[in-house]
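FYI, the numbering just counts along the sequence from 1. Keep in mind the model is a prediction, meaning the values are calculated, not measured.
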Amino acid sequence: MRSLKNLRITESIQSKKLVFEESLYDKFDTISIYLGFLVLASASILCLREIKPSLNSSLEYFILTCSLIFSVYVLYCKFTEKHLKEITFDIHKQEAKKRIIEYGKKYNYRISKISDNLIFLNEASDLYSFSGNYEQTTIIFFKDNAILYTVIKEGLRSNFTVLFSQHLTKRDLKEILRPEYIKPIKRTTYFNSFFHGL
């Protein structure tokens, strides 16, 4: 699991942002990702400006446009990685916690940091970890009538940002916290499993 040294629960809930002591490695890693994708985005823009519209250049234009969009999306995901997203519910706080813990157990998450206002759901970070030593973590803070959550992960060489699975996590959590909830819904297709690791 990615290190969150001295995670401040109350401050994180109040600010709706993860508040913890970042290591020098984490800061360097974040700067490296920003610089790398800023360079890629800038290069894509410069190349797009040089392309003269024609039938022969349509493939190049498409590739560079995709590269630019992907770069901007990665930068956005990294920038908002520590920001907590909110989901409100109409059930009791303890019932909400119970449902999320049951969901985690049912689908073999490694559940940790269980306290009155915090739960971690950990799973193998598939893209970077074939050995299971690196994990993607859904961090869930509890308020009286809402949860605040985010999804982060660790990797072998870099703590790359989560790109797609946070959207699937949001769908699952909203389903779990509905008053008429019956059982958790888990993505099981190959397509969803692939994107779950991104």
Side-chain angles (χ1 to χ4, degrees), residues 1-38 41 71-104 109-123 125 127-128 134-155 158-179 181 184 196-198:
M1 179 185 147
R2 185 163 155 188
S3 175
L4 297 173
K5 185 178 179 181
N6 294 330
L7 176 63
R8 298 180 179 89
I9 298 175
T10 301
E11 291 180 38
S12 295
I13 292 173
Q14 291 174 346
S15 64
K16 293 188 177 181
K17 185 177 181 180
L18 289 180
V19 179
F20 64 98
E21 292 181 20
E22 285 190 89
S23 67
L24 287 175
Y25 172 80
D26 283 333
K27 292 178 181 177
F28 176 77
D29 183 67
T30 298
I31 292 171
S32 298
I33 291 173
Y34 279 141
L35 286 177
F37 282 93
L38 278 172
S71 299
V72 172
Y73 182 65
V74 170
L75 290 169
Y76 168 78
C77 289
K78 191 64 181 177
F79 179 75
T80 60
E81 179 181 56
K82 299 181 183 70
H83 293 231
L84 301 175
K85 297 84 177 173
E86 185 171 11
I87 298 176
T88 58
F89 52 77
D90 297 319
I91 59 178
H92 193 276
K93 176 182 174 181
Q94 293 304 318
E95 174 64 19
K97 186 186 297 185
K98 177 184 174 184
R99 291 183 183 186
I100 290 173
I101 290 174
E102 287 177 350
Y103 170 82
Y109 286 90
R110 185 177 66 80
I111 305 171
S112 60
K113 291 284 185 182
I114 301 176
S115 68
D116 189 49
N117 292 320
L118 178 64
I119 291 177
F120 288 174
L121 299 180
N122 307 285
E123 60 185 329
S125 181
L127 184 63
Y128 291 107
Y134 299 96
E135 293 180 316
Q136 177 170 291
T137 302
T138 302
I139 304 168
I140 304 172
F141 296 91
F142 289 85
K143 298 168 65 177
D144 288 337
N145 63 341
I147 61 169
L148 299 170
Y149 77 96
T150 191
V151 184
I152 62 173
K153 68 180 176 181
E154 61 180 343
S158 173
N159 294 326
F160 197 70
T161 186
V162 177
L163 298 180
F164 301 106
S165 60
Q166 71 268 29
H167 305 299
L168 302 175
T169 297
K170 179 180 180 180
R171 183 199 66 184
D172 284 356
L173 291 175
K174 290 183 75 171
E175 178 69 22
I176 290 168
L177 297 173
R178 290 172 55 193
Y181 162 86
H196 183 56
L198 296 179

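Applying the ring-ring contact (aromatic ring centres under 6.0 Å, His included) criterion to His92, with sequence neighbours excluded, gives no partner residue. Taking the side chain to side chain contact (heavy atoms under 4.5 Å, CB included) definition, one finds that Leu38 meets it with Leu75, sequence neighbours left out. The side chain to side chain contact (heavy atoms under 4.5 Å, CB included) check on Asp116 picks up Lys93, Gln94, Lys97, with sequence neighbours excluded. Applying the side chain to side chain contact (heavy atoms under 4.5 Å, CB included) test to Thr88 and every residue at least two apart in sequence or in another chain returns Glu86, Ala146. Looking at residues two or more places apart in sequence or on another chain, you find a side chain to side chain contact (heavy atoms under 4.5 Å, CB included) between Val19 and Arg8, Glu11, Ser12, Ser15. With sequence neighbours excluded, the residues forming a side-chain hydrogen bond (donor to acceptor under 3.5 Å, both in side chains) with Lys85 are Thr150, listed by chain and number.
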Notebook entry, point to check: Under the side-chain contact (heavy atoms from CB on, under 4.5 Å) criterion, do Asn6 and Phe20 qualify, and how do the steps go?
Noted result: CA-CA 5 Å; Asn6 294 330; Phe20 64 98; 5.8 Å; no
Next item on the list: Show your working on side-chain contact (heavy atoms from CB on, under 4.5 Å) between Phe28 and Leu24 and close with a plain yes or no.
Entry: CA-CA 6 Å; Phe28 176 77; Leu24 287 175; over 6 Å; no
Next item on the list: Show your working on side-chain contact (heavy atoms from CB on, under 4.5 Å) between Phe142 and Ile119 and close with a plain yes or no.
Entry: CA-CA 8 Å; Phe142 289 85; Ile119 291 177; 3.7 Å; yes
Next item on the list: Applying side-chain contact (heavy atoms from CB on, under 4.5 Å), run through Lys78 and Phe37 and close with a yes or a no.
Entry: CA-CA 10 Å; Lys78 191 64 181 177; Phe37 282 93; over 6 Å; no
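Residue Tyr76 places its OH atom among 12 or fewer non-hydrogen atoms of other residues, nucleotides or ligands, all under 6.0 Å distant. Enclosure of atom CZ in Phe79 is not indicated, since only 12 or fewer non-hydrogen atoms of other residues, nucleotides or ligands lie within 6.0 angstrom.
Between Ile87 and Phe89, every side-chain heavy-atom pair lies at or beyond the 4.5 Å cut-off. With contacts defined as side-chain heavy-atom distances shorter than 4.5 Å, the pair Leu84/Tyr149 does not qualify. For the pair Ile140/Leu121, a side-chain contact is recorded, criterion being any heavy-atom separation below 4.5 Å from C-beta on. Asp29 has its side chain out of reach of Ile31: every pair of non-hydrogen atoms, C-beta onward, lies at least 4.5 Å apart.
Of the possible donor and acceptor atoms, one in the side chain of Ser23 sits under 3.5 Å from a partner among the backbone N and O of Asp26. Of the possible donor and acceptor atoms, none in the side chain of Arg178 sits under 3.5 Å from a partner among the backbone N and O of Leu173.
Taken from NZ in Lys153 to OG1 in Thr137, the straight-line distance is 11.5 Å, to the nearest 0.5 Å. Atoms CZ and CD, on Phe120 and Glu135 in that order, are 11.0 Å from each other to the nearest 0.5 Å. Put simply, CD on Gln166 and NZ on Lys170 are 10.0 Å apart, with the number rounded to the nearest 0.5 Å. Atom-to-atom distance recorded for Leu7:CG and Ile139:CD1 is 6.5 Å, nearest 0.5 angstrom. Expressed to the nearest 0.5 Å, how far CD1 of Ile100 lies from CD1 of Ile176 amounts to 6.0 Å. Here CG of Asp90 is found 13.0 Å from CD of Glu95. Values are rounded to the nearest 0.5 Å.
Side chain to side chain, Asp172 and Tyr103 meet the donor-acceptor criterion of an N or O pair below 3.5 Å.
In terms of heavy atoms, Ile111 sits closest to Ile101 at CD1-O, 3.5 Å. Taking each heavy atom of Ser112 and Asn122 in turn, the nearest pair found is OG-ND2, 3.0 Å.
Of the charged side-chain nitrogens involved, none lies within less than 4.0 Å of a carboxylate oxygen, so that Arg110 and Glu123 do not count as a salt-bridged pair. Remark: Arg99 does not engage Glu175 in a salt bridge, criterion side-chain N to carboxylate O under 4.0 Å.
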